[in-house]
Amino acid sequence: MSSFLNTLKIIGYVILGFGAYQVILRLIRRNWHFPAPSFITIFLNSRLRAKLQDPVRVIERSGIKPGDHVLEIGCGGGFFLPYAARAVGAEGQVYGLDIAEDMIEKSINHLAKTPAHIRERVELMQRSAYELPFDDASLDVVYLVAALMEIPDPRRCLLEARRVLKPEGVLAVSEFLPDPDYPSRRVTIRTVEEAGFAVEAEEGNAWAYTIRFRKG
Ligand SMILES: C[S@@+](CC[C@H](N)C(=O)[O-])C[C@H]1O[C@@H](n2cnc3c(N)ncnc32)[C@H](O)[C@@H]1O
């Protein structure tokens with residue numbers, strides 16, 4: 001009985017700790033907008049993160065197919081890039097774009113741990129989400145994970161994503177509750193629809209979700 005009570009106590013402390021962390025981080029983010037510091041990749045690229053937000057599932061839900069040309073905006077430390085590279089196969093190409101130089105360096109180090117034939121499918125670019133270095137209608141999939149609401153002007157980023165996507169292209173937005181910039185599905189859908197997209201599918205739950213959009 002006492003071990004059961006102790007377990008309950010520990011669960012209570014974990015929930016309280018997580019709640020306090022969320023409230024404090026969200027208050028900070030509301031008043032002070034800054035890009036995620038690169039040390040956060042210790043968590044973002046960790047096995048714990050993979051358990052909490054399965055990267056294989058995120059990439060599957062993003063609608064990536066063999067042969068696709070795919071862009072991740074706000075790739076951070078590159079956690080999802082090897083999974084996207086596997087999904088596009090030998091004929092596909094993945095681009096990882098981030099505004100922060102130190103994040104691109106983290107991505108380089110992360111990709112260095114993957115087999116050569118996987119990392120060779122990935123090209124990294126230190127660029128702004130507001131000026132994507134792609135021709136109009138040239139990409140099959142653009143995806144963002146825990147990045148859209150960190151970008152100060154999400155609409156400007158989404159209009160750029162719309163420009164570079166092919167007419168049948170997919171925009172996939174994945175969000176993850178522990179991210180201090182986490183938006184509800186409702187906010188994500190409203191923001192993306194206002195930039196000229198229409199919802200194609202919603203997957204996951206409030207903890208981790210992916211919404212796929214088509215050009216409206
Ligand atoms: C929370 S991290 C997410 C990284 C990665 N998608 C993941 O889930 O592991 C958000 C990333 O968005 C990038 N970012 C913020 N504003 C940006 C902008 N205007 N253009 C491109 N990237 C931006 C940040 O540098 C940061 O690496």
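All values below come from the heavy atoms of this structure, side chains included, with hydrogens, waters and symmetry mates left out. Both ligands and their constituent atoms are indexed starting at 1 by order of listing.
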Below 3.5 Å, N or O to N or O, backbone or side chain included: is there any such pair between [X] and ligand 1?
X      : result
Glu72  : yes
Ala129 : yes
Tyr130 : no
Ile99  : yes
Ile73  : no
Gly74  : yes

Any atoms of ligand 1 less than 4.0 Å from a non-hydrogen atom of [X]? List them with their elements.
X      : value
Ser128 : 20 (N)
Arg49  : 7 (C), 8 (O), 9 (O)
Gly76  : 4 (C), 27 (O)
Met103 : 27 (O)
Ala100 : 25 (O)
Ala146 : 1 (C), 2 (S), 3 (C), 10 (C)

What protein heavy atom lies closest to [atom]? Include the residue and the distance to one decimal.
atom                    : value
atom 24 (C) of ligand 1 : Glu150 OE2, 3.2 Å
atom 27 (O) of ligand 1 : Asp98 OD2, 2.6 Å
atom 16 (N) of ligand 1 : Ile151 CG1, 3.6 Å

Item to complete: Indicate, with yes or no, if Val173 and Val199 share a hydrophobic cluster defined by side-chain heavy-atom contacts under 4.5 Å among Ile, Leu, Val, Met, Phe, Trp and Tyr.
Response: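 Linked, Val199 and Val173 end up in one cluster.
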Can you tell which part of [X] has a heavy atom less than 4.0 Å from ligand 1: side chain, backbone, both or neither?
X      : result
Cys75  : backbone
Arg127 : backbone
Phe80  : side chain

Worksheet entry | Residues His69, Val88; criterion side-chain contact (heavy atoms from CB on, under 4.5 Å); working and verdict | CA-CA 8 Å; His69 284 219; Val88 297; over 6 Å; no
Worksheet entry | Electrostatic pair Asp140:Lys166 at N-O distance under 4.0 angstrom |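 Yes.
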Item to complete: Would you check if Val170 and Phe213 make a side-chain contact, meaning some heavy-atom pair closer than 4.5 Å?
Response: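 A side-chain contact under 4.5 Å is absent here.
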Worksheet item: Which pair of heavy atoms, one from Glu202 and one from Arg185, lies closest together, and at what distance?
Response: OE1-NH1, 2.9 Å
Worksheet item: Would a distance-only check, ignoring hydrogens and angles, find a side-chain to backbone donor-acceptor pair under 3.5 Å from Trp207 to Leu52?
Response: yes
Fill in: Audit row: Leu139, Leu132, side-chain contact (heavy atoms from CB on, under 4.5 Å) steps and yes/no
CA-CA 11 Å; Leu139 297 178; Leu132 301 177; over 6 Å; no
Worksheet item: Given the rule in the salt bridge (Lys or Arg N to Asp or Glu O under 4.0 Å) test, do Glu160 and Arg163 qualify, once you have shown the distances and angles that lead to the verdict?
Response: CA-CA 5 Å; Glu160 264 297 86; Arg163 179 185 68 75; 2.7 Å; yes
Item to complete: Assess the side chains of Tyr143 and Thr210: does a donor N or O sit below 3.5 Å from an acceptor N or O?
Response: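 There is no such pair (donor and acceptor under 3.5 Å, judged by atom type) between the side chains of Tyr143 and Thr210.
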